Amino acid sequence: MSENYHAMWAELGLDLDAHDQLLQILGNAYEQIYLAQKDRPESMSYFDFVMSEVHGLRIRELLDEKKAGRKIIGSYCVFVPEEIVLAANATLVGLCSGADFAMDEVEKILPRNTCALIKSSFGFKLGKVCPYLESADMIVGENTCDGKKKAYETLKGIADNVYVMDLPQVKSPAGRDLLRAEFYRFKDAMEAFTGSEITVESLADAVGVVNAKRQAVHRLSLLRGHDPAPVSGLDALLVNQVFFYDNPARFTESVNKICDELETRIQASKGVFPSGTPRIVVSGCPQAVPNWKLHHLVETSGAVIVGEESCVGERGTRNLTNAGGSSVDDLMEAVIDRYFKIDCAVFTPNPDRLEHIEEMVKNYNADGVIHYGLQFCQPYLMESIPVEKALEGRKIPVLRVETDYGSEDTGQLKTRIEAFIEQLR
Ligand code: BJ8
């Protein structure tokens with residue numbers, strides 16, 4: 001980190017010793033996993049910088065925004081509409097949930113058999129080590145899986161200003177009506193909270209900003225379809241992770257810059273792995289920073305990851321919002337349409353997800369799929385069985401992996417992943 005941020009972190013109420021320890025672990029992991037990669041695109045240096053300052057400079061920027069009167073809104077799910085947040089003159093940030101922290105404390109208030117992502121979000125709060133959470137003026141929870149739903153009830157007891165959004169579980173007209181009602185309720189809540197009315201101009205601008213960000217990520221996704229792969233899955237995963245933290249306009253510009261460089265690489269047939277390296281699509285639970293475990297294991301075992309069917313990946317970014325509306329209501333309908341297409345496993349039934357996995361396999365020339373399920377995540381673990389059967393029926397090899405954020409199972413996982421990659425050769 002280029003400067004000392006201790007005073008800022010202390011003011012946010014972080015536990016400085018614990019936070020220093022966390023940054024040390026994060027820094028070491030980044031060095032061993034990211035910086036050890038060969039032939040990375042030069043423009044990834046921006047993302048290296050972002051990561052080195054993820055709890056420093058970016059937090060200072062958010063605090064400066066707060067001083068200037070802007071509200072910071074934290075979330076744990078891609079269902080929270082960034083367009084509405086931006087249009088109300090606020091900033092949306094993803095909250096820390098990708099590493100185990102303060103687990104002893106967490107297990108006093110959550111059952112042991114809760115998924116790592118939920119436990120992690122509580123660990124960052126109880127351990128006082130997430131500056132995003134401590135900077136947030138409002139935390140938006142969403143009623144998706146049962147674990148999150150019940151966890152937000154508990155979160156209200158340990159964090160201020162938790163707002164819970166209800167969400168449908170069925171893609172029916174009634175389900176869409178519920179999403180509409182909840183997005184309008186959220187719009188009203190944001191306007192009241194920020195004191196800024198959402199106008200046609202502010203909403204249209206916000207739709208444009210978020211669409212541009214998603215378009216840049218789509219551009220990157222398509223470039224990953226080339227053989228040899230011009231960028232590693234690890235680096236592409238990082239871009240998808242930073243999507244949730246960075247200033248949107250700067251992020252878009254930086255992703256487009258990488259894409260320019262990758263296009264030059266593709267013309268020169270330059271890749272990060274040799275042509276013919278087995279290509280894998282990962283599908284399943286989201287992987288938040290610093291959860292790089294699966295990608296690291298796969299890419300140090302002789303394969304390359306060419307796409308993530310995940311909320312930190314295409315499920316979160318794939319559809320754009322129709323920006324053509326000429327009233328707030330038109331634009332709100334377009335936003336609702338866009339979010340109603342998210343094929344999270346909490347929906348029942350959820351056939352679109354299977355179609356999307358197949359489409360990704362085809363578009364990115366993948367040889368197989370690894371289904372990534374976090375231990376105790378019922379929606380994705382349940383769905384992994386029919387997904388596996390359906391893909392195998394279409395002759396697409398699948399490996400189902402169930403894991404957590406710990407390192408105890410890495411040896412065993414690596415053996416299974418290596419055997420799967422052999423099968424793809
Ligand atoms: S839209 S995937 S970001 S809910 S891993 S907490 S599902 S038990 S994260 Fe998600 Fe929104 Fe859906 Fe996407 Fe529950 Fe499973 Fe834990 Fe999960």
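Ligands are counted one by one from 1 in listed order, and the atoms in each one are counted from 1 as well. Nothing here was measured: the structure is a model prediction, and the numbers come from that model. Computation of the quantities below employed the complete heavy-atom set of this structure, encompassing side-chain atoms and omitting hydrogens, waters and symmetry-equivalent molecules.
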Next on the checklist: Tell me whether Val346 reaches ligand 1 (any heavy atom closer than 4.0 angstrom to a ligand atom).
Outcome noted: no
Checklist entry - Quick one: does Val78's side chain get under 4.5 Å of Tyr339's, heavy atoms only? => result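 They are not in contact (no side-chain heavy atoms under 4.5 Å apart), so the answer is no.
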Item to check | Heteroatom test (N, O or S) for Cys115 near atom 14 (Fe) of ligand 1, limit 2.8 Å | outcome: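 Under 2.8 Å: Cys115 has no N, O or S contact with atom 14 (Fe) of ligand 1.
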Checklist entry - What residues form a side chain to side chain donor-acceptor pair (under 3.5 Å) with His218, not counting sequence neighbours? => result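 His218 satisfies side chain to side chain donor-acceptor pair (under 3.5 Å) with no other residue.
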Item to check | Test: Glu153 and Lys150 ion pair at under 4.0 Å | outcome: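 Looking at Glu153 and Lys150, the cut-off is met.
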Checklist entry - Is the number of heavy atoms from other residues, nucleotides or ligands within 6.0 Å of CD (Glu253) greater than 12? => result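 No.
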Checklist entry - Which atoms from ligand 1 have a heavy atom of Tyr380 less than 4.0 Å away? => result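 Every atom of ligand 1 under 4.0 Å from some heavy atom of Tyr380: 2 (S).
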Checklist entry - At a 4.0 Å threshold, what atoms of ligand 1 neighbour a non-hydrogen atom of Ile118? => result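 Every atom of ligand 1 under 4.0 Å from some heavy atom of Ile118: 6 (S).
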Checklist outcome for this item: re atom 15 (Fe) of ligand 1, the protein heavy-atom contact at minimum distance is Cys377 SG, 2.3 Å
Item to check | atom 14 (Fe) of ligand 1 [closest protein heavy-atom partner, distance rounded to 0.1 Å] | outcome: Cys145 SG, 2.3 Å
Hydrogens and angles aside, do [X] and [Y] bring a side-chain donor and acceptor to less than 3.5 Å of each other?
{"X": "Gln378", "Y": "Asp146", "answer": "no"}
{"X": "Asp409", "Y": "Thr403", "answer": "yes"}
{"X": "Tyr364", "Y": "Glu314", "answer": "yes"}
{"X": "Asn350", "Y": "Asp343", "answer": "no"}

Checklist outcome for this item: Near atom 13 (Fe) of ligand 1 (protein N/O/S, cut-off 2.8 Å, waters excluded) we have Cys311 SG
Checklist entry - Can a protein heavy atom be found under 4.0 Å away from atom 9 (S) of ligand 1? => result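 Yes, there is a protein heavy atom closer to it than 4.0 Å.
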Next on the checklist: Is the ring pair Tyr132/His55 parallel, tilted or perpendicular, if the boundaries are 30 and 60 degrees?
Outcome noted: perpendicular
